[in-house]
Every structure is written in structure tokens, then in C-alpha cells.
Amino acid sequence: MTSIELGSRTKTEGSISPARIAAPMDPSEQPRRLLNVTAAGVLLFFVTPVMLVVALLIRMTSKGPVLYAQTRIGINRRRRRRRDDNHRRRTDLGGRPFTIYKFRTMEMREDPDVQVWARPDDPRITPLGRVLRKYRVDELPQLINVLRGDMNLVGPRPEQPRIFAKLRDRIDRYHERQQILPGITGWAQVNHRYDGSVEDVRRKLAFDLEYVERRSVSEDLKIMIRTLPVIVLKKGAV
């Protein structure tokens, strides 16, 4: 399976739109948010010893930082201002950028600005990194993202800014996944494999939009439970 490079080196990562202001969280989302934060806190308590061991192994086996930080596009809670408001225009990235954290599983690359999809057989992956990615251990630092309010445990996977901008232009309704917080796991992740093409993204989008429509506490619990066999059987998305 090959990766497809959608990134570019342009400075603009989206179209220009009127300035917006943040809208508050929908009260109907609060029960789901409470479930996701509680589950993330409990998980973090139990996996902290594992994370400390993983950090030590990464430090011992390859050069570079223990954690890998990358900008992703999150929820879009902004609402448009009237055009006659005296506010400067801003770049519309399609959602709120945030920094996602993972355990580093690859050798440090020369050009960190190039944004490409990862793939299971990526030659940059370290031997330890292959094990971490195989069992999704590299995703554990994202529990901090959940507690910070950047993500939920369950939701559409957040994409890199330039790749997001390309997919938004090429795939109808792609921006609609930004209605809710992104997640570590999701309905698309338990139903589909790694992204290898734009068609894979379209299939995953269908699952994401289905989840957006029927999201609930019970739905999140079901996806959390279904995530475990996905990890054990080594299926699903990056």
C-alpha cells in the first residue's frame, strides 16, 4: 500500500474568510464530553507506567525527541461575523489548529514541513516504532489532548492542515466532520483500514458523517469497546 502526498510548500493553508469568533459548546455535547474525559483520565492513570517505559526505550534506541508533535485541524466552533464588523480577515483553516502528541516512531526527517500520509510499511519507521504502531501504543500521549479539550476519545481522526485543505477541496462534505471534536478512535477507524488513497478517505468520510449524525454516549461506549479487538487484530487506521 502506497502513501499519497497531498501536501505542498505554500504558506496559505486555506481560503480567506471573514473573521469569526468562538461559539460555546453545545449543551447536548456535555454528556459525551464528560464520558470521554472520564475514560481518558482513567486510562491515563493505568497506562502511565507503560508510557514511562516506552519513553525510555525510544530514548535508548534512536536519536531524537521522545514525543512527536504535529499540527492538526480540530473542531470548527467559529461563527461568521457580519462583513461590516471592524475585524481583520483571517485564514480559514476549516477548524481550530492544535498540537497533537504521539510517541515518535520514525527517524527524524530532514524536512518536517512536508506533510504526507503515513503507511504501514513506511521505511522511516524504527524497529521499536513498528511495534508501537502495531498496537497503537504511539497514540497514548493523545490522552493528554483529550484532557486539554483538543480531542475526545471518540471522533473523526484530525488531519494535517495542508492535507485537510486539499481533501476539503476534492471531497464533497469533507468539512462537515469538523462539527465535533476529533478523536483518537472513531467509527471510521473500527470499520476501515489505513488510508491509502483518496477513495479510502471518501469511504471513511461516510462513516464519520454517519457518526456525526447519531453520536451519543451509548455510541461512544460501543466504539470504545470495539476499538480493543481492532488493536489486538492490528486492523484500522493510523
Side-chain angles (χ1 to χ4, degrees), residues 1-5 7 36 39-74 98-148 150-160 163 182-196 200-201 204 223-238:
M1 193 181 300
T2 59
S3 66
I4 298 179
E5 183 170 343
N36 281 264
V42 171
L43 278 173
L44 187 60
F45 175 79
F46 285 106
V47 302
T48 293
V50 175
M51 294 174 67
L52 292 175
V53 172
V54 170
L56 180 61
L57 290 174
I58 293 173
R59 180 68 70 184
M60 293 172 59
T61 57
S62 63
K63 294 181 180 179
V66 168
L67 293 179
Y68 176 68
Q70 188 180 66
T71 300
R72 298 288 177 100
I73 298 300
F98 70 97
T99 301
I100 199 172
Y101 297 99
K102 293 186 179 186
F103 283 121
R104 182 177 57 81
T105 59
M106 294 185 178
E107 301 290 352
M108 296 300 293
R109 60 189 178 194
E110 295 180 0
D111 189 349
D113 291 329
V114 176
Q115 298 177 5
V116 298
W117 279 332
R119 61 183 189 271
D121 58 348
D122 198 309
R124 299 169 296 168
I125 302 175
T126 64
L128 174 62
R130 293 190 184 281
V131 177
L132 299 181
R133 293 166 70 93
K134 191 176 187 180
Y135 294 101
R136 306 298 191 266
V137 177
D138 62 316
E139 309 281 358
L140 290 179
Q142 290 168 46
L143 294 172
I144 302 297
N145 285 113
V146 176
L147 298 181
R148 290 178 56 181
D150 300 322
M151 304 173 66
N152 273 337
L153 276 180
V154 179
R157 285 297 292 169
E159 191 51 88
Q160 301 173 64
I163 295 179
I184 299 176
T185 185
W187 189 232
Q189 279 63 51
V190 300
N191 282 287
H192 203 275
R193 61 184 184 275
Y194 288 88
D195 289 339
D200 284 336
V201 177
K204 278 188 170 180
I223 293 172
M224 290 177 193
I225 293 171
R226 285 193 57 180
T227 297
L228 183 58
V230 169
I231 294 173
V232 173
L233 296 176
K234 300 174 284 294
K235 300 188 301 180
V238 175

Please enumerate all residues that pass side-chain contact (heavy atoms from CB on, under 4.5 Å) together with [X], with sequence neighbours excluded.
X: Thr48; answer: Leu44, Leu52
X: Ala39; answer: Leu153, Met224
X: Thr105; answer: Leu132, Arg133, Asp138

Notebook entry, point to check: Is Glu139 salt-bridged to Lys102, cutoff N-O under 4.0 Å?
Noted result: yes
Taking all non-hydrogen atoms of both residues, which atom of [X] and which atom of [Y] are closest, and how far apart?
X: Gln189; Y: Lys204; result: NE2-NZ, 4.1 Å
X: Val66; Y: Ile58; result: O-CD1, 3.9 Å
X: Thr99; Y: Asn145; result: O-ND2, 2.8 Å

Note to self: Taking salt bridge (Lys or Arg N to Asp or Glu O under 4.0 Å) as the definition, give me every residue that meets it alongside Arg148, ordered by chain and number, with sequence neighbours left out.
What the structure shows: Asp150
Item checked: By side-chain hydrogen bond (donor to acceptor under 3.5 Å, both in side chains) - contacts of Ser62 (at least two apart) -> Arg104
Checklist line | side-chain hydrogen bond (donor to acceptor under 3.5 Å, both in side chains) involving Asn191 - partner list, sequence neighbours excluded | finding: none
Kindly compute the distance separating [atom1] ([X]) from [atom2] ([Y]), expressed to the nearest 0.5 Å.
X: Arg130; Y: Tyr135; atom1: CZ; atom2: OH; result: 14.0 Å
X: Arg59; Y: Leu128; atom1: CZ; atom2: CG; result: 13.0 Å
X: Ile223; Y: Asn152; atom1: CD1; atom2: CG; result: 11.0 Å

Indicate yes or no: at least one non-hydrogen side-chain atom of [X] is less than 4.5 angstrom from one of [Y].
X: Phe103; Y: Leu67; value: yes
X: Leu143; Y: Leu147; value: no
X: Arg157; Y: Ile100; value: yes
X: Met151; Y: Pro158; value: yes

Next item on the list: Would you sort out whether Glu159 and Ile73 count as a side chain to side chain contact (heavy atoms under 4.5 Å, CB included), showing the intermediate values?
Entry: CA-CA 6 Å; Glu159 191 51 88; Ile73 298 300; 5.8 Å; no
